[in-house]
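To start, the structure itself, in structure tokens.
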Amino acid sequence: MPRPLFATIHLDSMQHNLSQARTCAPSARIWAVVKADAYGHGLERAMRGFATADGLALVEQDAALRLRELGWIKPILLLEGFFEAADLPQLGEHNISTAVHCIEQIKMLEYTPLYRPIDVYLKMNTGMNRLGFRPHEYAAAYERLRAIRDVRSITHMTHFANADELEHPRLTIGEQVRCFREGAGDLAGERSLSNSGGVLHQAELAEQLSNDWVRPGIMLYGGTPGGRSAAEFGLRPTMTLRSEVIGIQEIAQGETVGYGSRFEAPGPMKIGVVACGYADGYPRSAPHGTPVIIDGVRTTLVGRVSMDMMTVDLTPIPNARVGSKVTLWGDGLPIDEVAHAAGTIGYELMCALAPRVRVTEGRLGSDG
Ligand SMILES: *Cc1c(COP(=O)(O)O)cnc(C)c1O
């Protein structure tokens with residue numbers, strides 16, 4: 001018998017969330033973002049779950065080639081672009097579009113012949129200060145790209161730093177959009193600005209924000225970039241992590257639990273031991289009080305998460321036994337809520353799901 005820990009991926013929720021993205025940004029085409037093994041969901045599964053997306057965007061060139069092997073014939077975009085000239089011919093050969101964010105990449109495109117022309121996303125740094133050309137350098141980069149024979153089209157692109165908060169005190173979407181407009185001016189080409197935050201707030205931002213292509217990631221996996229809950233936006237969980245109680249301890253007042261003896265029982269109580277630990281991707285930083293569901297009832301973590309196990313308070317579930325079902329996140333327990341309790345974000349929990357966790361597929365609401 002394998003350990004009773006497994007992650008169930010809900011392809012039906014992935015389809016549903018994609019249609020929510022379409023509803024938010026009805027006039028845009030959608031790049032479903034599938035980097036990092038589709039945020040831990042598996043590339044091949046994402047290809048099926050997002051079959052109706054207009055394209056798939058990611059950062060790993062080997063995964064892009066794998067998508068072609070798997071039969072994905074619609075557009076593919078490399079969000080960080082390529083890293084050396086030797087990578088370029090493959091992009092032409094497999095019709096993979098690429099971001100271009102620095103002058104070094106333009107030079108490589110200038111001296112490397114491709115087998116076939118490719119579409120380029122020219123990235124502008126509008127305040128995130130990670131990748132991209134500054135607005136005053138942008139038109140020159142554009143003209144230089146335009147002169148390259150193997151560049152078929154140029155789409156203007158930028159990325160939001162604070163798309164989850166409309167009124168961020170340091171840098172708002174509105175400021176970034178204004179900066180983008182200044183830099184890209186009337187240059188010909190399509191535009192791509194919004195990540196999940198931008199898509200979810202498209203209605204409020206309609207005046208300022210128009211996209212030919214949007215690039216949602218986390219919302220397609222039933223999370224939000226921050227602030228409001230996924231359910232408020234009609235998004236559904238796409239990954240449920242489940243395990244079982246594998247041991248029970250009845251302890252007396254004053255006894256402690258786990259490494260570091262961090263939890264002390266305030267009275268006699270039952271402790272459940274659950275087969276899931278930080279080597280499975282559950283965050284070790286999750287403190288006492290982080291929510292878990294046992295046999296459908298919410299309770300909390302107690303003590304420290306260890307490598308293969310964690311301990312939970314069974315007080316609200318008097319009938320709990322070895323074999324009781326545990327939900328760690330997903331169906332019935334938003335991943336963002338668990339992440340928040342652990343001081344991180346849903347993105348990190350999904351991406352950190354460890355290879356040793358068995359993955360299955362099942363509809364949301366089924367037992368997986
Ligand atoms: C990861 C990424 C996205 C998706 O971001 P979410 O917050 O997950 O929606 C969009 N655009 C770029 C350039 C990215 O790297």
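Sequential numbering from 1 along the given sequence is applied to the chain's residues. Indexing begins at 1, ligand by ligand and atom by atom, following the structure's order.
Relative ring orientation between Tyr221 and Tyr39 is described as parallel, the plane-to-plane angle staying below 30° on a 0-90° scale split at 30° and 60°.
With a 6.0 Å radius and a threshold of 12 heavy atoms from other residues, nucleotides or ligands, Arg152 has its CZ atom above the threshold. Summarising the local packing, CD of Glu167 is surrounded by 12 or fewer heavy atoms from other residues, nucleotides or ligands at distances under 6.0 Å. Annotation for Gln249: atom CD does not count as buried by contact number, only 12 or fewer foreign heavy atoms lying within 6.0 Å.
The ligand atoms of ligand 1 that sit less than 4.0 angstrom from a heavy atom of Ile218 are 6 (P), 8 (O), 9 (O).
Looking at Pro225 next to ligand 1, no N or O pair under 3.5 Å apart turns up. Not a single N or O atom of Gly197, backbone or side chain, sits closer than 3.5 Å to an N or O atom of ligand 1. Considering both main-chain and side-chain atoms, Asn195 never comes within under 3.5 Å of ligand 1 through any nitrogen or oxygen pair. In terms of N/O distances under 3.5 Å, ligand 1 is not approached by Lys123. By the 3.5 Å distance cut-off applied to N or O atoms, Lys35 is counted among the residues near ligand 1.
Considering only non-hydrogen atoms, atom 7 (O) of ligand 1 lies nearest to Tyr347 out of Tyr347, Tyr39, Trp31.
Counting only heavy atoms of the protein, atom 9 (O) of ligand 1 lies nearest to Ser196 OG, 2.5 Å. In this structure, atom 11 (N) of ligand 1 lies nearest to the protein heavy atom Arg215 NE, 2.9 Å.
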Task: Steps toward side-chain hydrogen bond (donor to acceptor under 3.5 Å, both in side chains) verdict (Thr240, His10) - done: CA-CA 8 Å; Thr240 299; His10 312 301; 2.6 Å; yes

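When non-hydrogen atoms are compared, ligand 1 lies under 4.0 Å from the side chain of His159 (C-beta onward) but not from its backbone.
Using a 4.0 Å cut-off between a side-chain N of Lys or Arg and a carboxylate O of Asp or Glu, Lys107 and Glu104 do not qualify as a salt bridge.
Judged purely by atom type and a 3.5 angstrom limit, Gln202 uses its side chain to pair as donor or acceptor with the backbone of Leu209.
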